[in-house]
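Following: one structure in structure tokens, then a few remarks.
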Amino acid sequence: MSESEYDPLKIEQRWMGVWAEHPELNHARLDRAAEKKYVLVEFPYPSGAGLHVGHVWGYTMGDVTARYSRMNGYNVLFPMGWDAFGLPTENYAIKKHITPQEATAENVATFRTQMDAMGFSFDWQREINTSDPDYYRFTQWIFIQLFKKGLAVKEKMPINWCPKCKSGLANEEVTSDGLHERCGTPVEQKMLEQWVLKITEYADRLIKDLQTVDYTEDIKQQQINWIGRSEGAKFTFRVKDNKGEIEVFTTRPDTLPGATYIVLAPEHHLVPGITSSEQQEEVTRYISQAKTKTRLQRSDLQKDKTGVFTGTHVTNPLTGENMPIWVADYVLTDYGTGAIMAVPAHDERDFEFAKRYDLPIKPVIDPKDGVGDEERSTLLSGESCYVGEGTMINSGQFDGVDSVSARSAVVEHIGGVKTVTYKLRDWIFSRQRYWGEPIPMVYCSDCGWLPVPESDLPITLPPIDNLDPTEDGSSPLARVEEWVNTVCPSCGGTAKRETDTMPNWAGSSWYFLRYCDSKNENELASRQAMEYFMPVDLYIGGAEHTTLHLLYSRFWHKFLYDLGIVPTAEPYAKRRNRGLILASDGRKMSKSLGNVVNPLDEVDKVGADALRMYELFMGPFQESFPWNPSALKGVYRFLSRVWNINAGMQEASVEDTNEKILRKLHQTIQKVSLDIEDMKFNTAIAAMMEFINEVEGNNFAININDWSKFLLILAPFAPFVAEELWQLNAKSGSSFDSVHAQTWPTFDENLVVSSEVVIPVQVNGKFRSTITIPVSEVDLQEKILNMGRLAEGVKKHIAQGEIIREIYVKGKTINFVVRIPDDATTRENKQG
RNA sequence: GCCGGGAUGGUGAAAUGGUAGACACUCAGGACUUAAAAUCCUGUGCCUGAUAAAGGCGUGCGAGUUCGAGUCUCGCUCCCGGCACCA
């Protein structure tokens, strides 16, 4: 029959070439008359490894959505670019003895070729590269605005330091195991002067505005937890012998009467001043021990709290009781005030510590109902700890008060201050490496830190021979004296440039804005373009960015919104995280395990169309799946069958499409449309497979016109083969009229429903048989329930007893409730 | 410990409270072939039964609501992801 076989490599090569000559197919226009759709997928870090299967998955989801939207008449912005700055490129360049610029250009070229091979319909007219000076001049400009508003400050502080990358890191870049999220090296603490962005100033709005966006619940919760907002109060305790004051933060001011000691973090600035001479030696030893512990070791030792007594006391402002001051590393320097009031009776950590060091435990809350008598008595005797609410006891004037209302009463009474604290840390923004945006600041010994004049932007990276990082925590840029030495923009005297660079998260914090107007030389994007295209309508990316890129970019966007530069308070109207593709052994794909699947190898075997469809067909987009080569075969078979049907049709030329096929076609159009909108790509593909099965099961009785509608809905998923078959069938020849420029087919409501309805018949809720009735009869309850057409099997079950109820749910089901004598007896027994 | 998400055949998975297992993979049998691959056809949740007819069981566990529960409610167990001495 068919002389030609499905040969994906041949047709994909051909259309890749043709599409390259018609980039306008994918161009978004600044056309206010048209309705826009901004579909964004996270731009890749162009590493030496090339595109991986995870990229392909996310980009295919975006591509299907973009193509579908175009066919539905939207003016679609579906852009792509390169998140090119960062450590891996720099390390790769060092290894290969080339410059990072060369490494980047090389990798970008590879990625571009691979993306074209996958058939992604990106608007390359708007391509961006974060390491391009024309791009990063605006990244630097935003930094200067942050500085001007006091949101970028230089501070000397202990920071997370990666000894392998020889650079400081943000809190978000350290995993919960205390490792650098990029290279897996245990992170150390180091004192350095760093630029810090005050993301905490936006903490409340970053939480609150989550209500205004469509993110899945897990993303919202993860961001909320990461920001970690706690309401509480600050109290001041006066240290005895006039040794100053200690401020603590607590979320439970009501437990103040039960506070029996104070704990300072080892790094707390008051420790040296308040330590008594007898305790000096012990405290010093403890602190130096704590310093050597990494973050990982500290949290590993959770169960084993240690500390030392300083030899000094404070007075409890409520009870007048004497409270010893301890130093312990279970109290963190950088949360709250770095000091706590310990209430062992009502806090598990304090309880454990008090037990170990034999400190007094004083219960002040009598538990509410729901606590057993036994438990209550162990609590009231100080043998256990209770963190819930209840009635105040042993609390003087507050006795009998409910613990919740006691909170503000206590704060007021002793002159505390209600405070909100966050787990979120300010964003450490300096990196001591070469391959990043230079921070556009100058230091003058007379004038201090000043931004470079905006007219000098971009401050470009000077060429450099030696990229090796330094041990002392300064950037390799510090070695380029002619670049470092400059004049003060204020007094004209000698000054030095900042030699640290920005983290790789900088460029990606605003890139979606640049796509709106990527060639603009005067501003990051024109107001007009942003008003039209923003916000992003759908943003697809990886879950690993939830508390990194996603949070950072929301922060920058809100800052730009406050400056009146961007038109929306939130950058992304809808965000979906895709799952992970694992290796076939179920483990994570990694170079070291040697189990990485290279998507281009798969393209060579089965073609890009099959690879795209396989990844979408794996299952729901947010789940994780191991790589399964035999399932890939399944979609390849599907495409071959599509190919063969098309070939057969060209010969047979059917006039009228068989009714069953026609109805299935319209049902499929409807199903595929709804599923793309819901991102249920797997069931959309299943529906197209069902359609093919229907066509084959009914002797291929479909005419070319109806078949073409199927090619249209196939086009977003398998753009190459759909184009090939569309062009074969068109036969017009002369001018190129792409399948991807066609209008999405509509479905006929009357054809979507079947002519007959199959209704399940149940007896006592148990399925027994079905009856088939014409659609016109679904409303005729009497007729349906009294029909003699019931199957014998059903009648048999009904005959076992007496019908006590008949239920007909229109078009859905029939249920006969039958009382069976035996059953009735047992029921009566039960009731009796 | 806290937060979020899950648990359905041999496998990946479908199922607005209404025929559980669509679609695909795997496997078995058959066709084509000298043979294999590819392709096509048939079967494929478990149990009883004869490979039939028919029946029973079945969506992690235990209760509940309902004429009817994979789906809703309550209580558990386990798995995955995130956070974790956050006062």
Side-chain angles (χ1 to χ4, degrees), chain A residues 5 175-177 216-226 228-230 232 248-252 255 259 263 265 298-305 328-332 334-343 346-350 352-353 387 421-425 543-544 546-547 577 579-580 614 617-620 622-626 628-635 637-638 640-641 644 680 682-693 696 758-770 792-793 796-797 804-818:
Chain A
E5 297 249 319
T175 68
S176 51
D177 304 330
T216 44
E217 197 52 34
D218 56 319
I219 303 176
K220 290 189 181 184
Q221 281 306 325
Q222 214 175 306
Q223 290 206 345
I224 290 168
N225 291 347
W226 185 260
R229 184 179 198 275
S230 299
V248 304
F249 171 75
T250 179
T251 54
R252 292 295 298 271
T255 62
V263 189
R298 273 204 191 183
S299 54
D300 252 10
L301 301 170
Q302 302 188 16
K303 292 279 167 266
D304 203 19
K305 296 191 185 9
D329 65 5
Y330 82 90
V331 172
L332 307 172
D334 52 359
Y335 182 77
T337 60
I340 61 156
M341 63 176 204
V343 188
H346 304 290
D347 180 281
E348 277 164 21
R349 295 148 301 181
D350 297 344
E352 198 188 313
F353 192 78
V387 297
T421 309
Y422 304 92
K423 289 187 203 171
L424 182 72
R425 297 293 119 83
E544 69 276 18
T546 302
T547 52
N577 286 347
L580 230 53
Y614 159 67
F617 191 57
M618 289 187 303
Q622 72 278 22
E623 319 251 312
S624 293
F625 303 94
N628 181 358
S630 59
L632 178 55
K633 228 168 25 189
V635 287
R637 279 184 196 148
F638 164 73
S640 307
R641 285 159 71 193
N644 292 334
K680 289 161 78 176
N682 55 327
T683 51
I685 292 170
M688 290 189 279
M689 288 172 166
E690 281 187 57
F691 173 72
I692 291 301
N693 290 342
E696 291 183 348
V758 179
I759 297 177
V761 180
Q762 303 174 32
V763 177
N764 287 342
K766 200 175 258 302
F767 167 75
R768 291 298 170 188
S769 178
T770 59
E792 287 306 313
K796 196 173 82 191
H797 283 97
I804 54 170
R805 203 169 155 192
E806 296 169 340
I807 293 157
Y808 172 59
V809 183
K810 189 181 148 186
K812 293 279 187 199
T813 194
I814 294 164
N815 191 10
F816 293 99
V817 184
V818 172

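These values consider heavy atoms only, across backbone and side chains, with no hydrogens, waters or symmetry-generated copies. Here is the naming used below: chain letters follow the sequence lines, and residue numbers restart at 1 for every chain.
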Touch class at under 4.0 angstrom, heavy-atom based, for Val758(A) against every strand present: base

Sugar-phosphate only, base, or nothing, as touched by His797(A) at under 4.0 Å among non-hydrogen atoms: sugar-phosphate

Anti versus syn assignment for rG9(B), with syn defined as within 90° of 0: syn

OP1 or OP2 of rA87(B) under 4.0 Å from side-chain N/O of Ser230(A): yes

Side-chain donor/acceptor of Arg768(A) to backbone N/O of Lys796(A), under 3.5 Å: no

Please produce a list of atom pairs where a protein N or O lies less than 3.5 Å from an N or O of nucleotides 64-74 of chain B.
{"unit_1": "rC67(B)", "atom_1": "OP1", "unit_2": "Arg805(A)", "atom_2": "NH1", "d": "3.3"}
{"unit_1": "rC67(B)", "atom_1": "O2'", "unit_2": "Asn815(A)", "atom_2": "ND2", "d": "3.1"}
{"unit_1": "rC67(B)", "atom_1": "O2", "unit_2": "Asn815(A)", "atom_2": "ND2", "d": "2.5"}

Parallel, tilted or perpendicular, as decided by the 30° and 60° cut-offs, for the rings of Phe249(A) and Tyr335(A): perpendicular

Sugar-phosphate, base or nothing in reach of Asn693(A), heavy atoms under 4.0 Å: sugar-phosphate

Sugar-phosphate, base or nothing in reach of Pro620(A), heavy atoms under 4.0 Å: sugar-phosphate

Touch class at under 4.0 angstrom, heavy-atom based, for Tyr422(A) against every strand present: nothing

Sugar-phosphate, base or nothing in reach of Phe249(A), heavy atoms under 4.0 Å: base

Under 4.0 Å protein heavy-atom contact, by nucleotide of nucleotides 38-49 of chain B - B base, S sugar-phosphate only: -SS---------

Side-chain H-bond candidate by donor/acceptor type, Arg641(A) with Asn693(A), under 3.5 Å: yes

Integer-rounded Å distance: rG55(B) P and Arg768(A) CZ: 7 Å

Phosphate OP1/OP2 of rC23(B): any Asn682(A) side-chain N/O under 4.0 Å: no

Residue-phosphate contact under 4.0 Å: Lys680(A) side-chain N/O, rA15(B) OP1/OP2: yes

Step-by-step side chain to side chain contact (heavy atoms under 4.5 Å, CB included) determination, Thr813(A) to Gln762(A): CA-CA 7 Å; Thr813(A) 194; Gln762(A) 303 174 32; 2.9 Å; yes

Any Tyr335(A) side-chain nitrogen or oxygen under 4.0 Å from OP1 or OP2 of rA87(B): yes

